[in-house]
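Okay, structure first, notes after.
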Amino acid sequence: MSSRLAALAVLVLSTHALAADYPFVFKDAGDAAGIFPALEGIRGHSAAWGDVDGDGFPDLFVGTFHNSGSKPGAFLRNEKGKFRLDKQEHLKVSGIAGGALFADLTNSGRLDLYVSHCAHGKDGVLAIPSLLFRNDGEGKFTDASKGSGVCPPSYEGRGVAALDYDGDGLLDLLTCEQYYSSKVKTGSALYRNKGNYKFEMVSEAAGLPAGLGGLSVAAADLNGDGWPDIFLTNGAGEHRLMLNDGKGKYREAPGTRDVFRWKLAGAEDTPAGVCIADVNRDGLPDVVIGNHFKSPWTTPAPVRLYLNRGVKDGVPKFEDITEASGLTALAMKAPHVEIQDFDNDGWPDIYVSIVKFKDGKPCPVIFRNLGVKDGLPRFREDAWAVNDFPAAEDKALKRAGPLFEKVLKEKKIIYMAAGPSADFDRDGKLDLFLANWWVESRSLLLRNETPGGNWLDVRIECKDGVNRMGIGAKVDVYAAGELGKATALLGSREIAIGYGYCSGQEAVAHFGLGERKMVDLEITLPHGKGKILQKGLDANKRFTVKP
């Protein structure tokens, strides 16, 4: 039996030390944390976390559809868990927000801001292209869009991710173009970072498919060769997994298009966000894809989960285990998806950007990871059930308007577009910000109060030819004293930002540890730059590795 199979055999027998005897518990902390009134009356559609001033707490940018009565975008400073609206006028961004992320584009130690816009109109707000802001220190930003090469006119931008596709130590940017428009020409756009905030579009030269419209992108090493591969979602279900050849050139992974294709329920059954992470603790990155139905209550459907079954001849093999793993159909669109451990029990859960309400209290829809049984990870939705939704009259509705008016008024269940996770108050539990697209309803800052286990957060501050944020580095966590043993693997995660839907995260690998109080780390740097071993790390700390 191989070491990986042996590890799975152990996982099959494993159970939750903190077994699911309680629901996930989140508190609406928006008022107490001070995000209002700044974020009232917005048509929110993108959000990104990042510590722009180096004080240890992640700040928050929120992008909006700045039309139909919405406020413009907003940048909020996080001061030890309390937020205030930043006064920089040029960060009150106007446009049609498609995505956002904070990334160190010059290896200066300062996080810059990139805002993706869906510039699909001829003039006014609808024509404003994407924007790039340079961080001049302590979160004081300068508009560096003009001449940057990464803010083209008439590009209908949606999701955005950061990666170093060519291994030169500088972070490049990857974007996608919305699926709904007949004007899609470019599709996915890969921008090579030439330094000093100058970029060159290299999609065609790098081998990415032209004209493939989609709502999200993600970058991760899916075949274990140390180079970032690219996953492109497509609204018609024709997704692409593009493998990096180690020289900055991409080719489609043979056979994967058929694996990732599913039968759509109609023209509005649109695949959306994508997240890549290990769900079953075998060290292999798996894939979950969200959906963006127009009328999901008429044909409920789940988000899709694909298990990585290993690599053969450099090509990862995936299996659709959606139904077998327990991911049930959802009667509301779920564009944003993340794989994160929200109860710190050691098993990463699957979160979607849907919130249910019980007695007026928010209950985000999270599928709890119950561990591995019969070789498969198993999940269970642990949000409070709303048994009377959708009712028969809801299912009969063909237009979104009447139903959303109802759910906004009755506050039963609703979806958000962007919903990135972050530990905003630094208590070791991942919280959620969900940007509400409805002007008449509030966005949610949900503080995680779930009882749970120990944890560890890992940051990597690189140099010597590796981007400073450590994007692309793989972090494996083992039981203390058992470093490198497959049976002792407690979690595996790649440092990444820009995944899910229209969301930007911190460059942090978060691990729940259950009852473990000490662990060992193995960090594999991207592009074959070596490994770092750390032994005997105490739990419940934020740990920064400096190679």
Side-chain angles (χ1 to χ4, degrees), residues 45-46 95-101 114-121 126-130 132 148-163 165-166 172-193 199-220 222 228-245 248-254 256-258 260-262 264 267-276 287 289-292 335 498-503:
H45 199 266
S46 68
I96 303 300
L101 56 73
Y114 181 73
V115 182
S116 171
H117 277 163
C118 185
H120 62 287
L126 300 182
I128 297 175
S130 301
L132 176 64
S148 67
V150 77
C151 304
S154 302
Y155 183 78
E156 302 182 17
R158 288 283 181 159
V160 56
L163 72 164
Y165 87 99
D166 55 359
D172 311 298
L173 293 174
L174 173 69
T175 68
C176 60
E177 195 167 16
Q178 76 165 349
Y179 166 71
Y180 300 111
S181 174
S182 60
K183 298 187 298 180
V184 172
K185 295 180 180 180
T186 304
S188 57
L190 178 61
Y191 298 97
R192 178 177 172 268
N193 189 342
F199 292 81
E200 173 188 9
M201 212 235 272
V202 295
S203 305
E204 183 178 357
L208 297 187
L212 183 74
L215 299 181
S216 291
V217 295
L222 286 160
D229 307 309
I230 290 174
F231 196 98
L232 308 170
T233 65
N234 170 252
E238 297 292 328
H239 310 304
R240 300 288 194 278
L241 171 56
M242 309 298 296
L243 299 178
N244 193 319
D245 68 355
K249 303 288 185 180
Y250 285 90
R251 66 182 177 95
E252 185 174 351
T256 54
R257 193 184 309 187
D258 290 336
F260 289 112
R261 180 188 292 123
W262 71 81
L264 304 182
E268 285 296 340
D269 174 9
T270 306
V274 57
C275 180
I276 301 171
V287 177
I289 303 175
N291 56 47
H292 205 289
Y499 50 85
Y501 182 66
C502 298
S503 296

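Hydrogens, waters and symmetry mates play no part in the numbers below; they use all other heavy atoms, side chains included. We number each residue from 1, following the sequence as shown.
Side chain of N244 to main chain of Y165: a donor-acceptor pair is present (N/O by atom type, distance under 3.5 Å, no hydrogens or angles). Of the possible donor and acceptor atoms, none in the side chain of S46 sits under 3.5 Å from a partner among the backbone N and O of G98. Y114 places a side-chain N or O within 3.5 Å of a backbone atom of V150 that can act as its donor or acceptor partner. Looking at S188, its side chain never comes within 3.5 Å of a backbone N or O of C176 through a donor-acceptor pair.
Considering every non-hydrogen atom in both P153 and P129, the closest pair reads CA-CB, 4.3 Å. In terms of heavy atoms, M242 sits closest to Y250 at O-CD2, 3.6 Å.
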> Can you list the steps and then say if T175 with Y155 is a side-chain hydrogen bond (donor to acceptor under 3.5 Å, both in side chains)?
Replying inline: CA-CA 10 Å; T175 68; Y155 183 78; 3.1 Å; yes

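Atoms OG and NE2, on S503 and H45 in that order, are 9.5 Å from each other to the nearest 0.5 Å. Between atom NZ of residue K249 and atom CG of residue L243 there is a gap of 15.5 Å, rounded to the nearest 0.5 Å. Put simply, OG on S116 and CZ on R158 are 8.5 Å apart, with the number rounded to the nearest 0.5 Å.
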Would you tabulate the side-chain donor-acceptor contacts of residues 208-219 under 3.5 Å, counting partners in other chains and residues two or more places apart, or write 'none'?
residue	atom	partner	partner atom	Å
S216	OG	A272	O	3.4
S216	OG	G500	O	3.1

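A side chain to side chain donor-acceptor pair (under 3.5 Å) with E156 is found for one member of H117, Q178, H120 and no other, namely Q178.
Annotation: side chain of S148 is not in contact with side chain of Y191 (no heavy-atom distance under 4.5 Å). Put simply, the side chain of D229 does not reach to within 4.5 Å of the side chain of I276, judged on heavy atoms.
Between H239 and F231, the ring planes are tilted. Angles from 30° to 60° get that label.
Crowding of E200 atom CD: a count of heavy atoms from other residues, nucleotides or ligands under 6.0 Å exceeding 12.
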